[in-house]
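Proteins come first, then strands; the chains are lettered A, B, ... in the order of their sequence lines, and each starts at number 1.
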Amino acid sequence: MKPTLPQGTRDFSAEVVRKRNYIFNKIRTVFELYGFQPLETPAMENLETLMGKYGEEGDKLIFKILNNGLDNPAKHSKAKEDFEKILEGKNTTGITERALRYDLTIPFARYVAMNHGQLSFPFKRHQIQPVWRADRPQRGRYREFYQCDADVVGSTSLLNEVELTNIYATVFEKLGVAVEIKINSRKILTALAEICGGADKMMDITIAIDKLDKIGIEKVKEELQQRGLNDEQVALIEQYLLIEGNNVEKLIKLKELIGSNKTGNKGIDEIEFILNYQTTNHKLQTDFTLARGLNYYTGIIFEVKAKDAQMGSIGGGGRYDDLTGLFGVPNIPGVGISFGVDRIYDVMEELKLFPEAVQTGTQVLFFNLGEAESKTAFGLMQQLRGKGISCEIFHEQAKFDKQFKYADKKGIPFAVIIGTKEMEEGTAVIKNLKTGEQQSILQSDLQAFSF
RNA sequence: GAGGUUGUAGCUCAGUUGGUUAGAGCGUCAGUUUGUGGCACUGAAGGCCGGGGGUUCGAGACCCCUCAUCCUCCCCA
């Protein structure tokens, strides 16, 4: 049998793990800097917890876990009956009652709903864990990938949104990735639907206009018509889509269009609050075509795109008024953002943004040149390790040639050579493998050497 | 779920209108006489040509099916 990997999953070799950790560490550090505390939840949730939270399409992409013990003869008839329901497209706890988590937000909402009595609000948590989606893999899309989330619940203050946009800006600046941080408000989209006279068409409108930069305005208009909007409505939406300029100019034009619509003006106020709050907001870009698929968003929404790479969004998030309400605990509003590490990695790899220093593994290789020699080397090596310097000793006595090549291939910068001559003198030769320079020092001075 | 692409050595790929024992580069391993690597040279190992069926005297090449892969759409990180 030929071993293979499940579709859309990957192994990560040392080099890749180090680069990924570099990203994780930057994100985690900034999360902590802003006062977010870590949380981890199980890989699997009850299917019931996840179903119906991500829209119809989302439900299809949830990985479901087959129940154990279905082959139990005593339960055959029940199992067959339940399976009939599966064939009809329904889920049943008789066949599957657990599923792999699809994102980190819903498990978090479940956690908050379960523990709201113990948590002090506002509650700020960050979470860095893998999620799974039964999507068709392609460029920048995997079936197992990491999300890094930061969410604040129990507060409606827009200051939270300001903080989150700052986290985005800070992290990507630290990573050296040039990005556009787009913001919009679902309230503005709602207003647009209301003005069109089709509040019920809100979803159709947002789905269509979200594709603007991909398919162009003409195709969007076609799609709107297909979705049952009349010419007048389409014309209005076209005006909306044609809004251009910098943030200030866009807002002026939008206000003209929205007029006195209450919801719309609220959305505009929110955006203006965030834009005016700080001086670093030049990184934020209003984008009224931004819609986002997840249907629990109700206020400000975010999306981050890399400037110099062809890649889908590398981060996204938004405000949700009542996520825990789905779990029987109403009135806990929240807002959160997410980083897509796997895509950030792909972008950074493409643009060669990883610093070389990321790949420092073993610092020193001790040569193995005999029984007594290796014992001496071993003792010295342990001393260096005690000082926090990562070292290795060659696994067996071998020719110089071999040991050098090993060091070379692993990118180990220093070799410590202790042979018969050094044993007699109580010295050690330290060789810098990059420059070729070497020097002989007393073994007792090795600890003090700066590698 | 719909459409397309590509499957030949560990990796990247050649392989003529179908014609003997299947090719290169890189990598791996071993040597180039036993305390100084990267270079060079020599040699070796390594392939059910993704799998199954068919056409043919003959298939890595052609046809059908299947699996895998990558990409596009949908949707998303």
Student: Check this for me: does any side-chain nitrogen of one of A:Lys64 and A:Glu97 sit under 4.0 Å from a carboxylate oxygen of the other?
Tutor: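 Not counted as a salt bridge, because no side-chain N and carboxylate O are separated by less than 4.0 Å.
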
Student: Taking only heavy atoms on the protein side, list every residue of residues 424-439 of chain A lying under 4.0 Å from any atom of RNA chain B, sorted numerically.
Tutor: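 Contacting residues: A:Lys431, A:Leu433, A:Gly436, A:Gln438.
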
Student: Round to the nearest Å and state the distance from A:Ile128 atom CD1 to B:A77 atom P.
Tutor: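 The answer, rounded to whole Å, is 17 Å.
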
Student: Of the residues in residues 139-153 of chain A, which ones touch RNA chain B at a heavy-atom distance under 4.0 Å?
Tutor: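 By residue number: A:Arg139, A:Gly140, A:Arg141, A:Tyr142, A:Phe145, A:Gln147.
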
Student: Can you tell which of A:Tyr146, A:Phe172, A:Phe24 makes a ring-ring contact (aromatic ring centres under 6.0 Å, His included) with A:Phe339?
Tutor: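 Among A:Tyr146, A:Phe172, A:Phe24, the one that satisfies the ring-ring contact (aromatic ring centres under 6.0 Å, His included) with A:Phe339 is A:Phe172.
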
Student: Going by an N to O cut-off under 4.0 Å, is there a salt bridge joining A:Glu437 and A:Lys431?
Tutor: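 No, A:Glu437 and A:Lys431 are not salt-bridged.
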
Student: Calculate the interatomic distance between A:Gln127 atom CD and B:A77 atom C1'; express it in whole Å.
Tutor: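 After rounding, the gap between these two atoms is 15 Å.
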
Student: Look at the side chain of A:Glu422 against the base of B:G35 and say whether a donor-acceptor pair falls under 3.5 Å; ignore hydrogens and angles.
Tutor: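 Between B:G35 and A:Glu422, which were checked side chain against base, a qualifying N/O pair under 3.5 Å is present.
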
Student: Evaluate side-chain hydrogen bond (donor to acceptor under 3.5 Å, both in side chains) for A:Tyr406 paired with A:Glu392, printing each intermediate quantity in order.
Tutor: CA-CA 11 Å; A:Tyr406 177 82; A:Glu392 292 180 53; 2.8 Å; yes

Student: Which nucleotide sits closest to the side chain of A:Asp408: B:C73, B:U36, B:G38?
Tutor: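 That would be B:G38.
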
Student: Tell me whether the OP1 or OP2 atom of B:C70 has a side-chain N or O from A:Gln138 closer than 4.0 Å.
Tutor: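 Answer is no, no contact under 4.0 Å.
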
Student: Between B:U66 and B:G18, how far apart are the C1' atoms? Round to whole Å, please.
Tutor: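 Between the two C1' atoms, the distance is 24 Å.
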
Student: For A:Leu446, run the side chain to side chain contact (heavy atoms under 4.5 Å, CB included) check against A:Ile441, A:Ile418, A:Thr427 and tell me which one passes.
Tutor: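 Among A:Ile441, A:Ile418, A:Thr427, the one meeting side chain to side chain contact (heavy atoms under 4.5 Å, CB included) with A:Leu446 is A:Ile441.
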
Student: Look at the side chain of A:Lys405 and the backbone N and O of A:Gln403, then say whether any donor-acceptor pair between them is shorter than 3.5 Å.
Tutor: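 Flag not set: sc A:Lys405 to bb A:Gln403 has no pair under 3.5 Å.
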
Student: Quote, to the nearest angstrom, the C1' distance that separates B:C11 from B:G27.
Tutor: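 The answer is 7 Å between these two C1' atoms.
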
Student: Check the pair A:Arg28, A:Asn25 against side-chain hydrogen bond (donor to acceptor under 3.5 Å, both in side chains), reporting the backbone distance first and the verdict last.
Tutor: CA-CA 5 Å; A:Arg28 188 179 295 113; A:Asn25 290 337; 3.3 Å; yes

Student: Taking it one step at a time, do A:Asn247 and A:Thr286 satisfy side-chain hydrogen bond (donor to acceptor under 3.5 Å, both in side chains)?
Tutor: CA-CA 6 Å; A:Asn247 289 338; A:Thr286 55; 3.0 Å; yes

Student: Ignoring hydrogens and angles, tell me if any N or O in the side chain of A:Asn432 forms a donor-acceptor pair with the backbone of A:Lys434 under 3.5 Å.
Tutor: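 Indeed, once roles are kept as given, a pair shorter than 3.5 Å links the two residues.
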
Student: Would you say the side-chain atoms of A:Arg133 pair up with the backbone N or O of A:Leu61, donor to acceptor, closer than 3.5 Å?
Tutor: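 Side chain of A:Arg133 to backbone of A:Leu61: no pair is present.
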
Student: Among B:C73, B:A77, B:C29, which is the nearest nucleotide to the side chain of A:Lys409?
Tutor: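 Closest of the options to the side chain of A:Lys409: B:C29.
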
Student: Rounded to whole Å, how long is the line connecting atom CZ of A:Phe394 with atom P of B:U36?
Tutor: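 Distance, rounded to whole Å: 17 Å.
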
Student: If the P atom of B:C26 is compared with that of B:A40, how far apart are they to the nearest Å?
Tutor: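 Result for the P pair: 8 Å, nearest Å.
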
Student: Charged N to carboxylate O under 4.0 angstrom, A:Arg20 versus A:Asp342?
Tutor: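 Counted as a salt bridge, because a side-chain N and a carboxylate O are separated by less than 4.0 Å.
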
Student: Taking any heavy-atom pair under 4.0 Å as a contact, classify A:Lys305: base, sugar-phosphate, or nothing.
Tutor: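 Contact class for A:Lys305: none.
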
Student: Could you walk me through whether A:Leu384 and A:Phe451 pass side-chain contact (heavy atoms from CB on, under 4.5 Å), step by step?
Tutor: CA-CA 10 Å; A:Leu384 281 193; A:Phe451 285 101; 3.5 Å; yes

Student: Thinking salt bridges, do A:Lys187 and A:Glu270 make one under a 4.0 Å N-O criterion?
Tutor: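 Judged by the 4.0 Å cut-off on N to carboxylate O distance, A:Lys187 and A:Glu270 do form a salt bridge.
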
Student: Measure from CD on A:Glu303 to C1' on B:C76 and round the result to the nearest Å.
Tutor: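 Taking atom C1' of B:C76 as the reference, CD of A:Glu303 is at 9 Å.
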
Student: With respect to the phosphate group of B:G37, does any side-chain polar atom (N or O) of A:Gln403 fall under 4.0 Å of OP1 or OP2?
Tutor: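 Checking B:G37 against A:Gln403, no side-chain N or O comes under 4.0 Å of OP1 or OP2.
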
Student: Rounded to whole angstroms, how far apart are OH on A:Tyr297 and C1' on B:C76?
Tutor: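 One finds 11 Å between C1' of B:C76 and OH of A:Tyr297, rounded.
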
Student: Checking A:Arg125 against A:Phe108: charged group under 6.0 Å from the ring centre and within 45 degrees of the axis?
Tutor: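 Checked: cation-pi criterion met.
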
Student: Nearest whole angstrom, please: distance from the P of B:G37 to the CZ of A:Phe404.
Tutor: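 Rounding to the nearest Å, CZ of A:Phe404 and P of B:G37 are 7 Å apart.
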
Student: Run the side-chain hydrogen bond (donor to acceptor under 3.5 Å, both in side chains) check on A:Asp321 and A:Tyr297 step by step: do they pass?
Tutor: CA-CA 7 Å; A:Asp321 277 343; A:Tyr297 292 126; over 6 Å; no

Student: With 3.5 Å as the limit, what N/O pairs link the protein to nucleotides 30-34 of chain B?
Tutor:
| unit_1 | atom_1 | unit_2 | atom_2 | d |
| --- | --- | --- | --- | --- |
| B:A30 | OP1 | A:Lys402 | NZ | 2.7 |

Student: Distance check, C1' atoms only: B:G7 and B:G52, in whole angstrom units.
Tutor: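 It comes out at 15 Å once rounded to the nearest Å.
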
Student: Looking only at atom P, what distance separates B:U42 and B:G35, rounded to whole Å?
Tutor: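 Looking at atom P only, B:U42 and B:G35 are 24 Å apart.
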
Student: Are any side-chain N or O atoms of A:Arg101 and backbone N or O atoms of A:Thr41, one a donor and one an acceptor, separated by less than 3.5 Å?
Tutor: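 Checked: pair present.
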
Student: If the C1' atom of B:C41 is compared with that of B:G58, how far apart are they to the nearest Å?
Tutor: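 Between the two C1' atoms, the distance is 42 Å.
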
Student: Do side-chain atoms of A:Asp408 reach the backbone of A:Phe404 as a donor and acceptor pair under 3.5 angstrom?
Tutor: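 No; judged by distance alone, with no hydrogens or angles, the pair does not exist.
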
Student: Are any of the side-chain nitrogens in A:Lys221 or A:Glu238 under 4.0 Å away from the carboxylate oxygens of its partner?
Tutor: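 A:Glu238 and A:Lys221: salt-bridged.
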
Student: Output yes when a side-chain donor or acceptor of A:Lys305 lies under 3.5 Å from a complementary backbone atom of A:Ile181, and no otherwise.
Tutor: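 Flag not set: sc A:Lys305 to bb A:Ile181 has no pair under 3.5 Å.
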
Student: Among residues 341-354 of chain A, which ones have heavy-atom contacts with RNA chain B below 4.0 Å?
Tutor: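 Under 4.0 Å from RNA chain B: A:Arg343.
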
Student: I want to confirm an ordering. Mapping A:Pro137 and A:Gly312 to their closest nucleotides on RNA chain B, which one lands closer to the 5' end?
Tutor: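 Nearest-nucleotide comparison on RNA chain B picks A:Pro137.
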
Student: Given the P atoms of B:G38 and B:U20, what is the spacing between them in whole Å?
Tutor: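 Between the two P atoms, the distance is 41 Å.
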
Student: Are the charged groups of A:Glu15 and A:Lys19 less than 4.0 angstrom apart, N to O?
Tutor: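 A salt bridge links A:Glu15 with A:Lys19.
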
Student: What is the separation between atom CZ on A:Arg136 and atom C1' on B:C74, rounded to the nearest whole Å?
Tutor: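 To the nearest whole Å, that distance equals 11 Å.
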
Student: Do A:Arg319 and A:Glu161 meet the salt-bridge criterion of a basic N to acidic O distance under 4.0 Å?
Tutor: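 Result for this pair is yes, salt bridge flagged.
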
Student: Name every residue in residues 414-421 of chain A that has at least one heavy atom under 4.0 Å from any atom of RNA chain B, in order of residue number, or write none if there are no such residues.
Tutor: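 A:Ile417, A:Gly419, A:Thr420, A:Lys421 - these, ordered by number, are the residues of the stretch whose heavy atoms sit under 4.0 Å from the strand.
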
Student: Which whole number of Å gives the distance between the C1' atom of B:G25 and that of B:A9?
Tutor: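 My reading of the C1' atoms in B:G25 and B:A9 gives 12 Å.
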
Student: Can you tell me the distance, in whole Å, between the CD atom of A:Glu57 and the P atom of B:C76?
Tutor: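 From A:Glu57 CD to B:C76 P: 9 Å.
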
Student: Show me, range against range, the stems involving RNA chain B, built from at least 3 consecutive Watson-Crick or G-U pairs below 3.5 Å.
Tutor: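 Looking at RNA chain B, the stems formed by three or more consecutive pairs are B:1-4 with B:70-73, B:10-13 with B:23-26, B:28-32 with B:40-44, B:50-54 with B:62-66.
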
